[in-house]
Amino acid sequence: MPIIGGLIKRGLRLRKKIVRRTPDPVKAQQRVLRSLLFKARDTEFGRHYDFAGILASADWINAYKSKVPAHNYNSIFQQWWHRLLNEERDITWPGSVRYFALSSGTSEASSKHIPITNEMARAIRRTSIKQIYNLAEYDLPASIFEKGILMIGGSTNLQQRGSYFEGDLSGISASKIPLWFQRFYKPGKEISKVTDWSLKLEEMVNKAPDWDIGIVVGVPAWIQLLIEMMVQRYNLKHIHEMWPNLSVYVHGGVAFDPYRQSFEKLMGRPIEFIETYLASEGFIAFQTKPGHRAMSLVLNNGIYYEFIPFDEHNFTPDGDLLPNCQFLTIDEVEEGKQYALLLSTCAGAWRYLIGDVIKFTSKADSEIVISGRTRHYISMCGEHLSVENMNKAIELTARALDVDIKEFTVSGINYGSLFAHKWYVGCNKEVDNEALCAMIDNHLKDLNDDYRVERGSALKAVVVEQISNEVFYDWMAAKGKSGGQHKFPRVMNKQQFAEWEHFVQQHLQQE
């Protein structure tokens with residue numbers, strides 16, 4: 001056993017035991033909200049919504065719900081956050097904001113500016129360290145704690161706009177890596193500054209043989225593309241021929257199930273796949289148990305959660321909140337039901353609808369899975385088809401047909417006087433299209449009763465078109481969204497889908 005690695009591993013186990021576990025999720029969340037309200041009580045937002053009065057109320061949690069409205073990005077930016085870009089102070093959080101994470105999400109055309117306060121940056125680092133401590137729970141060789149950690153994200157060469165900087169959250173975080181971590185961190189400062197994603201990939205492929213990587217961190221599509229480039233460049237059977245100590249892949253941003261089979265083929269042996277839920281708005285959850293896909297909510301680190309049942313009583317078919325919708329606290333949720341997530345944070349987000357839909361797999365352990373997006377589902381005629389359903393159907397189909405499906409997108413279309421779903425699927429090889437279409441359709445019928453019922457009535461057809469994965473990547477590049485944290489939208493609205501189909505046709509004509 002390597003001496004240093006063994007010491008580090010034992011130290012992590014000891015440190016994890018010392019770190020106090022939160023015994024009561026309800027009390028932890030109440031402490032977080034009270035702290036947030038207290039710190040922001042003298043901001044313009046805090047004075048406008050009388051945070052001091054809320055804190056003085058006997059039923060202060062319900063007072064917070066009744067006095068402070070729920071916000072989406074557009075409403076909070078137009079009313080409050082746009083002033084942060086004009087260097088105004090004490091707007092939604094004390095002080096000024098020097099960093100903004102650019103996030104397009106998957107349904108917005110223009111970039112969102114999400115404030116990253118000093119407090120939020122520290123909160124993200126604290127949760128990241130907790131996740132490192134948690135590696136002691138996994139059956140990993142001690143040597144891994146001496147190996148490199150390849151973290152692939154946005155450029156650390158942030159864009160300065162007056163007194164503030166903007167860029168991907170991954171780039172902002174990488175630019176603040178502590179000195180002790182730099183000896184492990186790859187691809188290193190110079191490559192991390194590169195803004196051209198194609199050039200960055202090429203430079204990483206060139207340097208790859210010099211690295212001894214134990215852990216890889218990044219969005220699945222781009223990590224897979226990088227590893228495929230390495231395997232091809234160096235004529236490898238699998239990546240473990242180059243990196244024999246690779247033992248962990250930490251992923252997030254999109255559901256991993258559609259990528260799992262492709263990743264397994266790139267490996268020479270099984271590795272640990274660990275999921276995280278790190279959004280531009282904060283580090284929300286991470287997987288804490290080996291072989292257990294659910295993630296534990298981070299309950300005591302600058303984020304207060306509310307949960308809105310994701311159903312027709314609370315949301316319009318377009319994913320907008322209805323008046324008088326129901327807001328639940330963590331003690332009121334139920335396992336297995338879908339909830340839209342509402343955040344209040346130390347970055348000055350207040351009752352902010354992040355756009356993700358989650359399900360609790362264990363209320364006792366505050367464990368969740370991401371099941372979709374508030375605007376990323378299809379329900380043209382009551383089929384209520386979630387991204388979770390789509391991801392699972394694609395995973396099952398890919399395994400059955402022995403094909404790699406990295407990317408796909410879906411939209412609802414008119415079909416005579418009724419409706420249909422049209423899919424574009426990125427395959428590594430062409431398969432029988434009728435079989436592909438039927439298999440996706442049948443898996444969705446098994447996964448979703450509403451879908452099965454509507455396929456016998458108003459949802460008359462499922463149309464599937466196979467294209468190369470490069471078309472998806474070229475589309476992202478054309479939108480300026482290559483690499484980093486960007487991901488291809490799984491569901492498109494009609495306007496976006498029309499633009500996408502035009503792009504596909506142009507691409508096919510050029511081949």
Full working for side chain to side chain contact (heavy atoms under 4.5 Å, CB included) between Lys67 and Asp50:
CA-CA 8 Å; Lys67 286 190 175 184; Asp50 189 22; 3.1 Å; yes

Ring centroid separation [X] to [Y] under 6.0 Å:
X	Y	result
Trp500	Phe472	yes
Trp475	Tyr424	no
His48	Trp80	yes

What class does the angle between the rings of [X] and [Y] fall in, given that below 30° is parallel, 30 to 60° is tilted and above 60° is perpendicular?
X	Y	value
Phe283	Phe286	perpendicular
Tyr99	Phe165	parallel
Phe503	His507	tilted
Tyr64	Tyr304	perpendicular

Taking [X] first and then [Y], would you say they form a salt bridge - that is, a charged N and a carboxylate O separated by under 4.0 Å?
X	Y	result
Arg490	Glu407	yes
Lys406	Glu228	yes
Glu501	Lys422	yes

Donor-acceptor pair, distance only, cut-off 3.5 Å: does the side chain of Asn314 make one with the backbone of Cys325?
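Looks like no, no N/O pair under 3.5 Å.
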
Would you say the side-chain atoms of Asn86 pair up with the backbone N or O of Glu88, donor to acceptor, closer than 3.5 Å?
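Not confirmed, Asn86 side chain does not pair with Glu88 backbone.
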
Would Asp365 and Thr288 count as a side chain to side chain contact (heavy atoms under 4.5 Å, CB included) here? Give the steps.
CA-CA 11 Å; Asp365 294 330; Thr288 60; over 6 Å; no

For Glu332 and Thr329, test the side chains for any donor-to-acceptor distance below 3.5 angstrom and give the result as yes or no.
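Indeed, the side chains of Glu332 and Thr329 share at least one donor-acceptor pair under 3.5 Å.
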
Donor-acceptor pair between His113 and Glu166 side chains, under 3.5 angstrom
yes

Measure across Trp350 and Thr92 and return the closest heavy-atom pair with its distance rounded to 0.1 Å.
NE1-O, 3.0 Å

Matching residue for Leu353 among Leu342, Ile76, Asp320 - test: side chain to side chain contact (heavy atoms under 4.5 Å, CB included):
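Only one option passes, and that is Leu342.
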
Can you confirm if the NZ or CZ of Arg260 lies within 45° of the ring axis of Phe263 and under 6.0 Å from the centre of its six-membered ring?
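No; the conditions do not both hold, so Arg260 does not lie above the ring face of Phe263.
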
Under the side chain to side chain contact (heavy atoms under 4.5 Å, CB included) criterion, do Ile284 and Leu343 qualify, and how do the steps go?
CA-CA 10 Å; Ile284 295 170; Leu343 308 180; 4.0 Å; yes

For the pair Gln30 and Arg34, evaluate side chain to side chain contact (heavy atoms under 4.5 Å, CB included) and give the outcome as yes or no after the intermediate values.
CA-CA 6 Å; Gln30 289 176 351; Arg34 182 172 284 278; over 6 Å; no

Is the closest side-chain heavy-atom distance between Pro489 and Gln496 below 4.5 Å?
yes

